[in-house]
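Have a look at the structure below before the remarks.
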Amino acid sequence: MNLDELVEKNPILEEYYHDGKYDFSSTESQCLIAEAYLKAKFLLSVQLDRTKLCPRIPNRLSYLHWCEHGASSIDNYETRDLVIDIGTGSSAIYPLLGAVSYDNFHFVGTEVDPESIQHARNLVKSNNLEPRITIKDSLDSFRPQFPRTDEKIRYTMCNPPFYEDVTDLYKRSKFKNLKPNELASSNSEMFYPGGEVEFVKHLIDDSIELSKEKPEGVQACWFLSQLGIRASCFAIEELLRHRKKSRKITQYHIEKLETKESTTKRWAVTWSMHWWRWPAERAKYPVAIDVLVTYRSLYSKLGKEIEAINNFNPDLECIIEMGNDSFTVKATIPFWVRKMRRAGLRREKITPTVRCIISVTSTDISWIHGSDYQHFYSFCKLITELNSDHTRLGAT
Ligand code: SAH
């Protein structure tokens, strides 16, 4: 839906709409358009609290879709339906958008501001979303914490308070040419001692605690947070590098978020305690192949090795599964790596590695699970070689 249509359907917006441009400079104008958009696009009836931060819906949607994009890439392998939003705010915007955009999941939003908790609960109730959204108060903890649950978590998300204090806000806002006074917000939405770096640090540390307490719950969970300040990306990366080195987490990834409709710059960070791969650049390898032909030639090249490994090491997993238009390799031993192939044929006892799952379609090879990029990369090389072999053979 474009702006013209939205204004036409909601005459209340006309006051702020001139020459094809909407005036976003006041709290009232921002809230009105957000409410109209939520109604028109998602059938959500939302009355926003004018004393709190007004969520810009396109930005919120792009972050939510980014989280889902990452989490959904392993839906064929793992089921987990709970999404946690840390600091859900008075609008509970992520749970609301999540519940109406994705049918199968339910949401817990946490919050420390009593007014926001009440407002968020009212919104959930008035939209009949109580079975799918719970607003949980975190009043007993100034530091952000994940609620403890026995359920498997899909992902946790967060839009943290960005700034250390008012001075920090003015310093950065002046830099960005903003007028911070003009838009409503409350202290806990904007400020946290140490700013967003400290907030996310506390999330990282609590995620490590949580993974000790409830290892089952986080075995396919992504911990995610948005970041509003570019410099924070470096500080957070440094923190995560340390946690990875000391094996408290397994992996992390930081990315710039793209929002077509907006010029606001945002980044997002994710980390985990598992070896499912975030579907980013390095986990995808583009190809142009015939899946069935490639599957057959892979099998004819390595079938003997696979058989030898399976016969001699029954505890190891070493399979290629053919699906409709893709095949999947699941292996606790990367049988396509030369050293492993030889060991398999010589019937040596082999120590398993982290399970490698790779899925092959006609257009790309996806690394789904595993800890060693070299294993994935050498598999991609092999597939490319097999493909060029039969392209060459086909041509002669
Ligand atoms: N998610 C909303 C609000 C983000 S502002 C949105 O995107 O619009 C950050 C929110 O985190 C505020 O509502 C603030 O009250 C909340 N918050 C601050 N400290 C918190 C803590 N320790 N636990 C949970 N929420 C917290």
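On a predicted model such as this, the values are computed, not experimentally measured, just so you know. In listed order, ligands and their atoms are each counted from 1.
- No salt bridge links Arg80 with Glu78; every basic N to acidic carboxylate O contact stays at or beyond 4.0 Å.
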Side chains of residues 81-89: which donor-acceptor partners sit under 3.5 Å, not counting sequence neighbours?
from: Asp85; atom 1: OD2; to: Thr88; atom 2: OG1; distance (Å): 2.8

Could you list each N/O atom of ligand 1 together with any protein N/O atom closer than 3.5 Å, one pair per line with the distance?
from: ligand 1; atom 1: 1 (N); to: Gly87; atom 2: O; distance (Å): 2.9
from: ligand 1; atom 1: 1 (N); to: Thr88; atom 2: O; distance (Å): 3.4
from: ligand 1; atom 1: 7 (O); to: Arg60; atom 2: NE; distance (Å): 2.9
from: ligand 1; atom 1: 7 (O); to: Arg60; atom 2: NH2; distance (Å): 3.4
from: ligand 1; atom 1: 7 (O); to: Asn159; atom 2: ND2; distance (Å): 2.9
from: ligand 1; atom 1: 8 (O); to: Arg60; atom 2: NE; distance (Å): 3.4
from: ligand 1; atom 1: 8 (O); to: Arg60; atom 2: NH2; distance (Å): 2.9
from: ligand 1; atom 1: 13 (O); to: Glu111; atom 2: OE1; distance (Å): 2.7
from: ligand 1; atom 1: 13 (O); to: Glu111; atom 2: OE2; distance (Å): 3.3
from: ligand 1; atom 1: 15 (O); to: Glu111; atom 2: OE2; distance (Å): 2.4
from: ligand 1; atom 1: 15 (O); to: Ser188; atom 2: OG; distance (Å): 2.6
from: ligand 1; atom 1: 22 (N); to: Phe142; atom 2: O; distance (Å): 2.8
from: ligand 1; atom 1: 22 (N); to: Pro144; atom 2: N; distance (Å): 3.3

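- Contact check on Lys212 versus Glu209 returns a salt bridge, with a Lys/Arg side-chain nitrogen under 4.0 Å from an Asp/Glu carboxylate oxygen.
- Listed by chain and number, the residues in a side-chain hydrogen bond (donor to acceptor under 3.5 Å, both in side chains) with Asn127 amount to none (sequence neighbours excluded).
- Contact check on Lys201 versus Asp206 returns no salt bridge, with no Lys/Arg side-chain nitrogen under 4.0 Å from an Asp/Glu carboxylate oxygen.
- The list of salt bridge (charged side-chain N to carboxylate O under 4.0 Å, His left out) pairs with a residue in residues 127-138, not counting sequence neighbours, is empty.
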